[in-house]
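The structure appears right after this line, and notes come after that.
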Amino acid sequence: MMDGSYSVKSKGLRQWVEDMAQLTGAARVVWCDGSEQEKRDLTRAAIAAQILIPLNPAKRPGCYLHRSNPSDVARSEHLTFVCTPAKDDAGPTNNWMAPEDAYAKLRGWLKGSMRRRTMYVVPYVMGPPGSPFAKVGVELTDSLYVVLNMRIMTRMGRAALELLSDSDDFNRGLHSTLDCNPSRRLICHFPQHNTVWSVGSGYGGNALLSKKCFALRIGSYLGRKEGWLAEHMLILGLESPSGETTYVAAAFPSACGKTNLAMLTPPAAFKGWRVFTVGDDIAWLRIGSDGGLWAINPEAGYFGVAPGTNWRSNPNAMKTIERDTIFTNVAATPDGDVWWEGMECEAPDGTLDWRGQPWKRDSGEPAAHPNSRFTAPMSNNPALSPRIEHSLGVPISAIIFGGRRASTIPLVLEAYDWPHGVFFGASMGSETTAAATGQVGIVRRDPMAMLPFCGYNIVSYFSHWHDIGRRMKRPPRIFVVNWFRKDRDGAYLWPGYSENMRVLKWIADRVNGRAGAVDTPIGLVPREQDLDISGLDLSPQRLRQAQSIDPGEWMAELDGIEQYFTRLGVDSLTGFDVQIESARAALERGR
Ligand code: SAT
Ligand code: MN
């Protein structure tokens, strides 16, 4: 820990910290240096304040449980604003407030809010510090939980100040927990000032300002300005038995299995294949000097959904969270361990639920909150990519768009070209999950899984995607996947999890010119012989059902997409109208 006299070269940073300390009336300002000693001290303080509960060190060394305020368990999208000078710059998908109104309102709430609290200055780097992709952020927060999470999720501390040096170019994040009352909660982004003010919540995506706020909302705005893409995508490397590695970036909405896919363990039949994790949530993508698309993971840790994580669904995650992990809103067992639904073992008697109350098995209530999370350093991941610190990142050969859809969307589909793929990305739909406050299980359109995260007008964002495509000599191929299709009885048609490897292999084989496909009215799909299902207990008939393209369902889908685009005010510059028309014509012809 550094005191205020530590020589910070950036005048802009010093001045801003002083201004914000004055506004919030912080009793103390502590500059974080990211050291081990500091971690020990802050952890001790968090335990004393009952923010962290130590878990059994014999079972989970270095692990802690945090129970959040029960009204603060997910992102609050309706309280999240993009505050651009013109409303149209925020576009049809964002809540908007005039910047001066947002600042004024938040100033009122923030004034004196840290009078009895410490303001921690948390400098961090997004991306490998030596990388041309890397960007510096500084979060000011009065939450020890946030500091300790940021320490896992980012490269936090002195390294960031060194990289920043005397520059004023950094993301300014101000976070004050207040009393976690939703009626005094707002997460406001000021992209033109590279600034985020978040008040009234301690939850991950609302309060860890590096993540959705900086790396996605502000990041996407900067990406548009500077000619790159900030995306809600995992990045993985697929190594074949011959040692060839194909890198894939994949966009899925929150809580649709991005972490599981990024850490996938291939099934037994795939001897010699390996999956390496580059990132599980966010990708920053740039055009390289070779005319291809290159990606880094700006983060340094995983903020993953706990329920459903088990030794079968994600053994690498289970190993990752064995140590040095902060668990949030999971259940606690009497022997000082954690438990959640879908762990594939019984909760022992005496288990406490996520609120800390004795859990009754027959209560019908889950013991862990459905959006309970683990925060774990990526360095714990046995499948971590050896290229993780590479300053240029990894070359992306394929982009995948996926959602949670009970019908219509086949297991896998390949777009004809970049514009066709952008159309698929833009029209993506998914059933809502517990990751955001609101009703669960409703299909909502979620373009590129960026609906809650695009920091500017979504129509300009589509144009930006087209523009990036035009500027690439070797654009990645684009695919659509759906692991969640169901039969008439509501049972999943595809086993998912590690078996998704079979789809990844087809994708890798396609981009490497090895696998066949057949044309349909909607796009290219594998023929039966193209998908490797060796050793998989799945009838050909169920696979056909998972892959089927039903003209009636697709006509309705295209109508829905068209209506959505009309609502967004999508213009013909996107070419989406032509895509819809040619898909309709192909369905009518029965191509
Ligand atoms: O928003 S978080 O990053 O906390 C989790 C998610 O919804 O993806
Ligand atoms: Mn996410």
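Just so you know, these numbers come straight off a predicted model, no measurement behind them. Ligands are counted one by one from 1 in listed order, and the atoms in each one are counted from 1 as well. Numbers here are sequence positions counted from 1.
Because its NZ or CZ atom is not both nearer than 6.0 Å to the ring centre of F565 and within 45° of the ring axis, R567 does not count as a cation-pi partner of that residue.
Remark: Q50 CD is loosely packed, at most 12 non-hydrogen atoms of other residues, nucleotides or ligands lying under 6.0 Å away.
With ring centers used as reference points, W465 lies under 6.0 Å from W418. Taking the six-membered ring wherever Trp is involved, the centroid distance between the rings of W228 and Y221 does not fall below 6.0 Å.
When distances from the Mn ion (ligand 2) to the N, O or S atoms of D281 are compared, OD1 comes out shortest. Here the N, O or S atom of H232 that is nearest to the Mn ion (ligand 2) is NE2.
Taking a cut-off of under 4.0 Å to the non-hydrogen atoms of G205, the atoms of ligand 1 that pass are 1 (O), 2 (S), 4 (O). Ligand 1 places these atoms under 4.0 Å from at least one heavy atom of K211: 3 (O). Interface atoms of ligand 1 facing R75, defined by a heavy-atom separation under 4.0 Å, are 1 (O), 2 (S), 6 (C), 7 (O).
Salt-bridge check for R405 with E431: failed, with every basic side-chain N at 4.0 Å or more from each acidic carboxylate O.
Residue contact check for ligand 1: R373 places a non-hydrogen atom closer than 4.0 Å to it.
Closest heavy-atom approach to atom 6 (C) of ligand 1 within the set G304, S254, A74: this belongs to S254.
Taking each heavy atom of P129 and E389 in turn, the nearest pair found is CD-OE1, 4.4 Å.
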